[in-house]
Amino acid sequence: MTGMVYLVGSGPGDPELLTVKARRLIDEADVVLHDKLPGPEILASIPEAKREDVGKRAGGEWTPQEYTNHRLVELAEDGKTVVRLKGGDPFVFGRGGEEAEHLAANDVPFEYVPGVTSAVAGPGVAGVPVTHRDHTSSVTFVTGHEDPTKEESAVDWHALAEGGGTLVVLMGVGKLPAYTGELLEAGMDPATPVALVERATWPGQRVATGTLGDAVEVRDREGVEPPAITVIGDVAATRGRVAAFLRNGPGGQEESE
Ligand code: SAH
């Protein structure tokens with residue numbers, strides 16, 4: 001009998017932000033396929049015997065997506081109950097869509113289990129609401145991973161600059177100079193507030209703030225590393241007005257910056 005695959009979002013990393021359903025499915029699963037993005041605390045809560053890491057390999061290379069797709073089908077055909085655990089929400093830059101299509105194409109039943117996406121929670125724990133009645137009524141989630149100078153770039157940064165809404169950039173640490181450059185070139189105000197939120201809800205959570213004009217300097221000075229969210233827009237200034245009373249620092253403590 002064919003098993004079952006659950007495409008499960010882990011949320012941003014705090015084990016208390018796992019959904020009740022995610023926790024139950026993880027506990028009941030025969031196998032949990034994951035990468036590092038669910039964060040150290042959630043991964044430590046899963047018995048090693050049923051974990052399979054399909055993230056970065058020892059040499060720093062990513063496990064090919066084809067392998068993960070193949071492995072999901074193989075385990076299901078073996079009758080296993082499989083949790084494919086992804087950071088945040090499986091369908092937000094998580095390649096969950098590709099996995100769902102692959103499972104369907106191979107007659108494997110699956111269920112999507114939403115998670116709290118870092119695209120909303122990352123800014124939020126830094127005191128940045130992605131929308132705000134006084135500042136913006138739209139928000140765009142965008143990958144920063146693409147090289148904006150490559151000709152067939154799927155992201156139109158100029159259009160985003162003109163759109164005027166909040167920009168939430170995922171996978172955007174390395175290419176920060178490239179896309180902030182594009183936004184400036186498109187005429188976005190260099191004084192536009194920016195927040196960089198590193199390891200949101202993980203034990204080592206950090207927040208760094210600046211502007212579109214000095215974001216690269218801030219990144220380099222603070223040594224911001226992935227995983228981190230870049231949030232660009234007037235909403236990022238909200239942090240300054242709430243930080244003194246915000247208790248979303250590491251371990252729920254007030255942040256020291
Ligand atoms: N499916 C995930 C996103 C996967 S893409 C989600 O919904 O959150 C990977 C990117 O997500 C990272 O490069 C980073 O930009 C962001 N990310 C995920 N977890 C994060 C966290 N705890 N803190 C900051 N950024 C995070």
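Excluded from the calculations below are hydrogen atoms, water molecules and symmetry mates; all remaining heavy atoms, backbone and side chain alike, are included. Both counts, for ligands and for their atoms, begin at 1 and track the order of listing. On a predicted model such as this, the values are computed, not experimentally measured, just so you know.
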**Q** Does Leu7 belong to the same Ile/Leu/Val/Met/Phe/Trp/Tyr cluster as Val113, with side-chain heavy atoms less than 4.5 Å apart forming each link?
**A** no
**Q** Give me the residue, atom name and distance of the protein heavy atom closest to atom 5 (S) of ligand 1.
**A** Phe93 O, 3.4 Å
**Q** Which residue supplies the protein heavy atom nearest to atom 2 (C) of ligand 1, what is that atom called, and how far is it?
**A** Gly87 O, 3.1 Å
**Q** Can a non-hydrogen atom of Thr201 be found less than 4.0 Å from any atom of ligand 1?
**A**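 False for this residue.
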**Q** With side chains defined as the heavy atoms from C-beta onward, is the minimum distance between Arg51 and Leu43 less than 4.5 Å?
**A**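 Result yes, sub-4.5 Å side-chain heavy-atom pair found.
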**Q** Can you tell me which residue and heavy atom of the protein come closest to atom 14 (C) of ligand 1, and the distance to 0.1 Å?
**A**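 Its nearest protein heavy-atom neighbour is Ala228 O, 3.4 Å.
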**Q** Who gets closest to atom 7 (O) of ligand 1 by heavy atom: Ile229, Thr117, Leu196, Leu37?
**A**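 Checking each option, the heavy atom nearest atom 7 (O) of ligand 1 is found in Thr117.
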**Q** In the protein, which heavy atom is nearest to atom 12 (C) of ligand 1, and how far is it?
**A** Met171 N, 3.9 Å
**Q** Looking only at protein heavy atoms, identify the closest one to atom 11 (O) of ligand 1 and say how far it is in Å.
**A** Leu170 CD2, 3.6 Å
**Q** Please determine whether the number of non-hydrogen atoms from other residues, nucleotides or ligands lying under 6.0 Å from atom CD of Glu61 exceeds 12.
**A** no
**Q** May I ask you to identify the nearest protein heavy atom to atom 3 (C) of ligand 1, giving residue, atom name and distance to one decimal place in Å?
**A**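 For atom 3 (C) of ligand 1, the nearest protein heavy atom is Val92 O, 3.3 Å.
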**Q** Which ligand 1 atoms are under 4.0 Å away from a heavy-atom of Val197?
**A**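 In order of number, 24 (C).
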**Q** Is Gly13 near ligand 1, meaning one of its heavy atoms is under 4.0 Å from it?
**A**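 Heavy atoms of Gly13 never come under 4.0 Å of ligand 1.
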**Q** Quick test: of every protein heavy atom, which one is nearest to atom 16 (C) of ligand 1, and how far off is it to 0.1 Å?
**A** Ser118 OG, 3.4 Å
**Q** Counting heavy atoms only, which part of Lys86 comes closer than 4.0 Å to ligand 1: side chain, backbone, both or neither?
**A**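 Under 4.0 Å from ligand 1, Lys86 contributes no heavy atoms.
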**Q** For the ring pair Phe91 and Tyr112, is the centre-to-centre distance below 6.0 Å?
**A**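 Yes, the ring of Phe91 comes within the 6.0 Å limit of the ring of Tyr112, centre to centre.
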**Q** When you group the ILVMFWY residues by side-chain heavy-atom contacts below 4.5 Å and let the links chain together, are Leu176 and Trp157 in the same group?
**A** yes
**Q** So which heavy atom on Ser45 is nearest to which on Arg23, and how close?
**A**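 Heavy atoms of Ser45 and Arg23 come nearest at OG-NH1, 2.9 Å.
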**Q** What atoms of ligand 1 come closer than 4.0 angstrom to any heavy atom of Trp202?
**A**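 Under 4.0 Å from Trp202, ligand 1 has these atoms: 22 (N).
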**Q** At less than 4.0 angstrom from any non-hydrogen atom of Pro12, what atoms of ligand 1 do you find?
**A** 22 (N)
**Q** Please examine the side chains of Val216 and Val218, heavy atoms only from C-beta on, and report whether any two atoms are closer than 4.5 Å.
**A** no
**Q** Check whether Val108 and Tyr67 end up in the same hydrophobic cluster, where Ile, Leu, Val, Met, Phe, Trp and Tyr are linked by side-chain heavy atoms less than 4.5 Å apart.
**A** yes
**Q** Could you name the option among Ala200, Gly144, Gly174 that has the heavy atom nearest to atom 21 (C) of ligand 1?
**A**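 Going through Ala200, Gly144, Gly174 one by one, Ala200 has the nearest heavy atom to atom 21 (C) of ligand 1.
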**Q** For residues Arg84 and Val54, determine if any side-chain heavy atom of one lies less than 4.5 Å from a side-chain heavy atom of the other.
**A**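 Side-chain contact under 4.5 Å: yes.
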**Q** Can you spot which of Val8, Val82, Asp27, Val83 makes a side chain to side chain contact (heavy atoms under 4.5 Å, CB included) with Val32?
**A** Val83
